[in-house]
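Heads up: the structure comes next, in structure tokens.
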Amino acid sequence: MGFFDRLSRLVRANANAAVSSMEDPAKILDQSVADMQADLVKLRQAVALAIASQKRLTSQAEQAAAQSKTWYERAELALKKGEESLAREALTRRKTFQETATSLTAQVQAQDGQVESLKKSLVALEGKIAEAKTKKDMLKARAQAAKAQQQLQSAVGSIGTDSAMAAFERMEEKVEALEATGQAAAELAGSDLESQFAALESGGGVDDDLEALRAQLKEGPEAVALPASETSEVVKPVQVEEVDAELEDLKRSIDKL
């Protein structure tokens, strides 16, 4: 294969690819139907002309046949009157019209076949156009849905690496962090409030005991005494002998180790 052949094929391939990429299915469908409508108009005009020509030929054939009959009757009349030469001339005219009528009748018969063929083509084209119109809207809807699906798939495919998605995820994490901070602050505020009310509900506590101790000191050392326990039990003095005995037992247990 020569260089120029390869170059020509490459140019045609690129041109076809460019044209295919620019084709809009909806516009092409509309234009195709419009072209078929234009062809239908032309075909109807052709059928109308054929029918008109057929009618004209038929009329001419009938007129020629009528003239042939008239001249035949004149030839009979001339022959009856003894005008043989006149009868001969009448028969000559009759023969001319008869041949014309025969030729026109043959043309009319041939025209009948052409007209019938054109009528069948017209009916077929009308059916195809009706079918094309029905399919056109459906194909346009399918093309639009396919294009939308393609755009959706392209968008979905680019989400994973798109910076917009990464920014969205960062903002989602930030919102969750802000919510967590707000919840923690609310819990801390609630616990502090609880502690404040607990302090109020507990009364004076140490401050009251301190005031009571001060009052006892003012009355003298004898008034100072430890507060009574809740069980009001009397504290017994610890015997030294008991402590020494426990100490000796502890030493023996350590020596055994």
Side-chain angles (χ1 to χ4, degrees), residues 5 8-9 11-147:
D5 291 336
S8 176
R9 181 169 298 169
V11 171
R12 292 198 307 270
N14 290 332
N16 290 331
V19 171
S20 297
S21 63
M22 291 186 297
E23 283 183 342
D24 186 353
K27 293 180 179 179
I28 296 300
L29 288 170
D30 290 337
Q31 185 61 44
S32 298
V33 173
D35 292 341
M36 285 189 286
Q37 288 282 8
D39 293 338
L40 179 63
V41 171
K42 293 179 181 178
L43 185 56
R44 284 175 176 172
Q45 291 175 350
V47 172
L49 289 175
I51 293 175
S53 176
Q54 183 186 28
K55 289 182 177 180
R56 184 174 61 255
L57 290 175
T58 302
S59 176
Q60 290 175 355
E62 290 175 353
Q63 290 177 4
Q67 289 292 330
S68 174
K69 182 180 180 180
T70 300
W71 283 106
Y72 183 78
E73 292 175 352
R74 288 178 178 177
E76 287 182 341
L77 179 61
L79 190 59
K80 288 179 180 179
K81 297 293 184 179
E83 300 289 341
E84 185 175 347
S85 59
L86 190 59
R88 187 184 299 275
E89 183 68 23
L91 288 176
T92 303
R93 295 285 186 91
R94 183 246 181 186
K95 184 174 179 61
T96 301
F97 281 109
Q98 190 176 21
E99 291 176 353
T100 301
T102 302
S103 176
L104 290 174
T105 301
Q107 294 181 27
V108 169
Q109 292 177 352
Q111 192 80 1
D112 287 339
Q114 294 180 0
V115 170
E116 291 299 322
S117 178
L118 287 174
K119 286 182 178 180
K120 290 180 180 179
S121 299
L122 180 62
V123 172
L125 182 58
E126 288 175 345
K128 289 181 179 179
I129 291 177
E131 183 181 1
K133 287 182 178 179
T134 302
K135 288 184 177 180
K136 181 188 72 171
D137 295 335
M138 179 183 65
L139 290 173
K140 288 172 67 175
R142 288 171 58 185
Q144 185 176 3
K147 187 176 181 180

- Task: For salt bridge (Lys or Arg N to Asp or Glu O under 4.0 Å), just list the numbers for Lys120 and Glu116, CA-CA rounded to whole Å, side-chain angles, deciding distance to a tenth of an Å, and then say yes or no.
- Result: CA-CA 6 Å; Lys120 290 180 180 179; Glu116 291 299 322; over 6 Å; no
Closest contact, heavy atoms only, [X] versus [Y]:
| X | Y | result |
| --- | --- | --- |
| Leu104 | Leu57 | CD2-CD2, 3.8 Å |
| Ala61 | Ala101 | O-CB, 3.7 Å |
| Val47 | Leu118 | CG2-CB, 3.4 Å |
| Lys133 | Val33 | CG-CG1, 4.0 Å |
| Gln37 | Ile129 | NE2-CG2, 3.7 Å |

- Message: Please evaluate residues Arg44 and Glu126 with respect to the criterion side-chain contact (heavy atoms from CB on, under 4.5 Å), reporting the C-alpha separation (whole Å), side-chain torsions for both, the decisive distance (0.1 Å), and the verdict.
- Response: CA-CA 10 Å; Arg44 284 175 176 172; Glu126 288 175 345; 3.0 Å; yes
Under a 3.5 Å distance rule, please check whether [X] uses its side chain to pair with a backbone N or O of [Y] as donor and acceptor.
| X | Y | result |
| --- | --- | --- |
| Thr102 | Gln98 | yes |
| Ser117 | Gly113 | no |
| Ser59 | Lys55 | no |

Point-to-point distance, once rounded to the nearest 0.5 Å, from [atom1] of [X] to [atom2] of [Y]:
| X | Y | atom1 | atom2 | answer |
| --- | --- | --- | --- | --- |
| Leu122 | Lys42 | CG | NZ | 15.0 Å |
| Ser53 | Gln114 | OG | CD | 8.5 Å |
| Thr58 | Gln109 | OG1 | CD | 10.0 Å |

Please tabulate, for side-chain N and O atoms in residues 65-93, each donor-acceptor pair with protein atoms closer than 3.5 Å (sequence neighbours left out).
residue	atom	partner	partner atom	Å
Ser68	OG	Arg94	O	3.4
Thr70	OG1	Ala66	O	2.9
Thr92	OG1	Arg88	O	2.9

- Task: Show the numbers, then the answer: is there a side-chain contact (heavy atoms from CB on, under 4.5 Å) between Lys119 and Val123?
- Result: CA-CA 6 Å; Lys119 286 182 178 180; Val123 172; 5.6 Å; no
- Message: Gln60 vs Arg56, test: side-chain contact (heavy atoms from CB on, under 4.5 Å). Steps then yes/no.
- Response: CA-CA 6 Å; Gln60 290 175 355; Arg56 184 174 61 255; 3.7 Å; yes
